[in-house]
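Quick note on labels: first sequence line is chain A, next is B, and so on, each numbered from 1.
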Amino acid sequence: MRSQFNSPIIVLGARFLAPYIMVFGLYVIFHGHYSPGGGFQGGALLAAAILLIRVATGRRVSRLLIKEFATTPLAVIGVLIYFATGFAAMITGGYFLDYGQLPIPGMEPMWLRYTGILIIEVGVGLAVAAILVMIFDNMVKGEDYA
Amino acid sequence: MKYLKAFIMALFAALLIYAASDLPYRGDPGNRMHDQRSMVDSPVAGNYYIQEAYHDAHTPNIVTVVLGDYRSIDTFGEQVVIYTAGIITLLVLRRSRRRFS
């Protein structure tokens, strides 16, 4: 999206606001154990920060943040983190996605479940953020997003 | 036709208000959903979640335990749905070559 209005106020506002939205998104992901939140909401907030930069400043600046071809591998990595967590629990003798059997030494099953929930939340957040940015990039690609 | 639409909307609103007037009060311990045994005398899943979530996963947020641990295959399916939506936009909307014809 070529910036049709070269307004420094909009660019400055987006540059000021985006890091705080990103920090809040990471907070929402990593505090899903204690407060409302989780991977989906935090991933949507991360994607909102990236898309704010994309809409406000155009392609030349926003590709410094995350490149267009990097979104698809990040989505795949996010899904694979989730699947690998469940599969690692399965090959070490448990059920699929039974975090009590994760191969991390020196932890009780209670804390293994705690850690497993955190790992899959990170995977969900990564996948959701990457996929929302990917949808935006694909939808504006035919336009004047030169 | 305009009056018919307005009449249908009023009728629908009246139906929703009538349905909402029969809902149980919030926090009433005698509600059916707060019973430990269901109508057919089987154990209720939500009762187990509330009582055992902290002991199983050591997480104070019960919703996170239900979404991430007890029902994690459901969450995995949701993530696959979102991934499929992204891949479909990639396949449908992306043009690799501009055609002149």
Next item on the list: Sequence neighbours left out, what passes salt bridge (charged side-chain N to carboxylate O under 4.0 Å, His left out) with B/R37? Give chain and number order.
Entry: B/D41
Check: About how many Å separate CZ of A/R113 and NE2 of B/H58, when rounded to the nearest 0.5 Å?
Finding: 13.5 Å
Item checked: From CZ (A/F40) to CD1 (B/I82), nearest 0.5 Å -> 4.5 Å
Checklist line | Residues of residues 79-88 of chain A within contact distance of chain B, non-hydrogen under 4.5 Å | finding: A/V79, A/Y82, A/F83
Check: Using a heavy-atom distance cut-off of less than 4.5 Å, which residues of residues 121-135 of chain A contact chain B?
Finding: A/E121, A/G123, A/V124, A/A127, A/V128, A/I131, A/M134, A/I135
Check: With a 4.5 Å limit on heavy-atom distance, are the side chains of A/Y99 and B/D69 in contact?
Finding: yes
Item checked: Portion of A/I117 that has a non-hydrogen atom of chain B nearer than 4.5 angstrom -> side chain
Next item on the list: Sort A/S35 into side chain, backbone, both or neither according to what part of it lies under 4.5 angstrom from a heavy atom of chain B.
Entry: backbone
Checklist line | Residue pairs, two or more places apart or on separate chains, that pass side-chain hydrogen bond (donor to acceptor under 3.5 Å, both in side chains) and touch residues 4-31 of chain B | finding: none
Next item on the list: Take B/T59 and A/H33 through the test side chain to side chain contact (heavy atoms under 4.5 Å, CB included) and record every step on the way to the result.
Entry: CA-CA 6 Å; B/T59 301; A/H33 290 76; 3.4 Å; yes
Next item on the list: Please indicate whether A/F24 has more than 12 foreign heavy atoms, meaning atoms of other residues, nucleotides or ligands, lying under 6.0 Å from its CZ.
Entry: no
Next item on the list: Would you mind telling me which of B/V92, B/I88, B/L91, B/T89 makes a side-chain contact (heavy atoms from CB on, under 4.5 Å) with A/N138?
Entry: B/T89
